[in-house]
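Below: one structure in structure tokens.
Small disclaimer: the values here were computed from a predicted structure and weren't measured. We use all heavy atoms of the structure for the numbers below, so side chains are in, but hydrogens, waters and symmetry mates are not. Throughout, numbering of the chain's residues begins at 1 and tracks the sequence.
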Amino acid sequence: MKAIVAAMGLTLALTGGGMAETGAVEKTVMNGETQVGYSVRGEGPLVVMIASTGRGAAEFGPLADRLAERGYKVALPEPRGIGQSTGRLEEVSFHDFGDDFAAVITEEGGDAIVAGHAYGQWIAKTIASDHPDLVRGLALVAGGAKSWPAELSDAITMINDPASSRAQRMEGLMLAFFTDEQTAEPWLEGWHQDVTQSQRAARKLTERDSYWAGGSAPILDLQAGSDPFRPEESRNEVRDELGADRVTVKVIEGASHALPAAKPVETADAIADWADTLPRR
């Protein structure tokens with residue numbers, strides 16, 4: 001794996017969701033010429049969280065704090081184009097993004113649970129396919145079904161557009177991501193249009209068969225009960241395709257596609273409960 005490590009340390013405190021303040025350390029690591037910025041908190045087995053389309057990983061703070069309370073070390077790497085993560089955004093594939101995060105896993109000791117939210121599930125699968133020695137489990141968090149209505153993708157495009165009004169963005173968030181406006185409010189901001197465009201282009205440049213199975217790692221298919229990207233009839237889609245002996249399905253009610261933002265504690269506990277059952281290598 002192509003990882004040349006460089007690191008810097010800066011200690012800061014992050015809080016969220018009314019939970020106790022947990023220290024986090026900001027670091028960087030190099031994947032070839034690409035710099036990956038990430039934060040780390042907690043001690044214990046490693047969990048790496050990968051953000052959804054056009055979003056940064058810093059918003060996983062409350063979820064990461066809870067995982068740290070449960071005895072896990074949590075790394076939150078930023079995608080290229082966000083924070084301290086820099087690198088080419090054009091003519092790249094899922095494999096390039098996966099290598100970025102694999103460099104983080106290597107720097108933090110390997111043997112990781114890799115949890116990808118929404119779009120991030122595909123990158124998590126790619127890491128497990130390309131670097132099976134680094135991954136002991138995959139958590140697919142609010143991963144979409146094999147297909148979904150085009151209006152949901154159109155909503156993401158609109159929300160990313162700086163020309164969209166606040167009312168339009170909120171309408172899109174309520175359609176695709178949230179069940180109530182109060183919880184959706186923070187997501188009116190924090191979108192990176194250039195990152196979204198790069199990530200969508202990367203999907204077109206990646207052969208589906210090169211990542212879809214996610215190697216052979218155990219999988220938690222963690223779904224939101226009101227997710228329009230994952231309707232009830234698709235609940236067992238991943239388990240039916242990849243095998244009941246490999247895939248655990250869990251549904252968290254009262255949330256939509258932005259599951260980690262709406263239910264950070266419940267999401268963290270579901271990941272930790274499942275990860276606690278996996279053997280260490």
* To do: Kindly say whether M158 contributes a backbone atom to a donor-acceptor pair with the side chain of S164 at under 3.5 angstrom?
  =>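 Checking the backbone N and O of M158 against the side chain of S164, a donor-acceptor pair under 3.5 Å is found.
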* **No-hydrogen, no-angle side-chain donor-acceptor test under 3.5 Å, H95 and S210** => yes
* Does K125 use its side chain to pair, donor to acceptor, with the backbone of W212 at less than 3.5 Å? ->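 Side chain of K125 to backbone of W212, a donor-acceptor pair under 3.5 Å: yes, one is there.
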* Under 3.5 Å: donor-acceptor pair, side chain of S234, backbone of E237 ->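 Checking the backbone N and O of E237 against the side chain of S234, no donor-acceptor pair under 3.5 Å is found.
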* To the nearest 0.5 Å, how far apart are CD1 in I113 and OH in Y72? ->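 So the CD1 of I113 and the OH of Y72 are separated by 6.5 Å.
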* Asked: For the hydrophobic clusters of this structure (ILVMFWY residues joined by side-chain heavy atoms under 4.5 Å, transitively), does one cluster hold both F101 and L46?
  -> yes
* salt bridge (charged side-chain N to carboxylate O under 4.0 Å, His left out): pairs with one or both residues in residues 161-175, sequence neighbours excluded -> R166-E185, R169-E189
* Hey, mind stepping through K146 and E241 against side-chain contact (heavy atoms from CB on, under 4.5 Å) and telling me if it holds? -> CA-CA 11 Å; K146 289 182 179 178; E241 180 176 8; 3.2 Å; yes
* Structure fact -> Taking every heavy atom of S198 against every heavy atom of V92, the minimum-distance pair comes out as OG-CG2, 4.0 Å
* To do: Test Q121 against V141 for side-chain contact (heavy atoms from CB on, under 4.5 Å), laying out the working first.
  => CA-CA 7 Å; Q121 69 154 335; V141 181; over 6 Å; no
* Asked: Side chains of D99 and N31: do they bring a donor and an acceptor to under 3.5 Å?
  ->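 Distance-only check fails for D99 and N31.
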* **Carboxylate-amine/guanidinium contact R239 D221, below 4.0 Å** => no
* S153-W148 side chain donor-acceptor pair, cut-off 3.5 Å ->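 On atom types as modelled, these side chains qualify, holding a pair under 3.5 Å.
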* **Separation of K250 NZ from I271 CD1 (nearest 0.5 Å)** =>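 Going from the CD1 atom of I271 to the NZ atom of K250 covers 11.5 Å.
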* OG1-CD distance between T86 and Q35, expressed to the nearest 0.5 angstrom -> 5.0 Å
* To do: Over 60° means perpendicular and under 30° means parallel, so classify the ring planes of F229 and H257, tilted if in between.
  =>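 Taking F229 first and then H257, their aromatic rings lie parallel (interplane angle under 30°).
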* Judged by atom type as modelled, is there a donor-acceptor pair below 3.5 Å linking the side chain of S85 to the main-chain atoms of E78? -> yes
* Using atom types as modelled and distance alone, determine if a side-chain donor or acceptor of K73 lies under 3.5 Å from a backbone N or O of V48. =>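 A pair under 3.5 Å: no.
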* To do: Specify the closest pair of heavy atoms between S93 and T206, including all atoms of both residues, with the distance to one decimal.
  => CB-OG1, 3.3 Å
* Asked: Rounded to the nearest 0.5 Å, what separation is found between the CD1 atom of I156 and the OG atom of S52?
  ->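 Spacing of CD1 (I156) from OG (S52) equals 8.0 Å.
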* Asked: Given side chains that start at C-beta, do those of H131 and T106 come closer than 4.5 Å, heavy atoms only?
  -> no
* Backbone N or O of P264 within a donor-acceptor pair of the R66 side chain at under 3.5 Å? -> no
* To do: Mind listing the closest non-hydrogen atom pair of I159 and L173 along with its distance?
  =>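 Scanning both residues, the minimum pair turns out to be CD1-N, 3.7 Å.
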* Asked: Is there a donor-acceptor contact under 3.5 Å linking the side chains of E26 and Y38?
  -> no
* Is the centre of the Y119 ring less than 6.0 Å from the centre of the F94 ring? ->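 Centroid distance Y119-F94: below 6.0 Å, so yes.
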* Asked: Rounded to the nearest 0.5 Å, how far apart are NE2 of H117 and CG of L63?
  -> 10.0 Å
* To do: Give a yes/no verdict on a cation-pi contact between R55 and W191, requiring under 6.0 Å between NZ or CZ and the six-membered ring centre and an angle within 45° of the axis.
  => yes
* Could you tell me whether the side chain of T34 and the main chain of M30 form a donor-acceptor pair under 3.5 Å? =>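 Flag not set: sc T34 to bb M30 has no pair under 3.5 Å.
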* Backbone N/O of R235 and side chain of Q223: donor-acceptor pair under 3.5 Å ->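 Yes, Q223 side chain to R235 backbone: donor-acceptor pair under 3.5 Å.
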* Asked: How far apart are the closest heavy atoms of V104 and P77, and which atoms are they?
  ->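 In terms of heavy atoms, the two residues are closest at CG2-CB, 4.1 Å.
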* What distance do E253 atom CD and E266 atom CD have between them, rounded to the nearest 0.5 Å? ->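 One finds 11.5 Å between CD of E253 and CD of E266.
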* Asked: Under 3.5 Å, is there a donor-acceptor pair between the side chain of S226 and the main chain of S256?
  -> no
* To do: Indicate yes or no for a side-chain donor-acceptor contact from R70 to the backbone of A268 under 3.5 Å, with no hydrogens or angles considered.
  =>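 No.
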* How close do P45 and G71 get, heavy atom to heavy atom, and via which atoms? -> CD-O, 3.3 Å
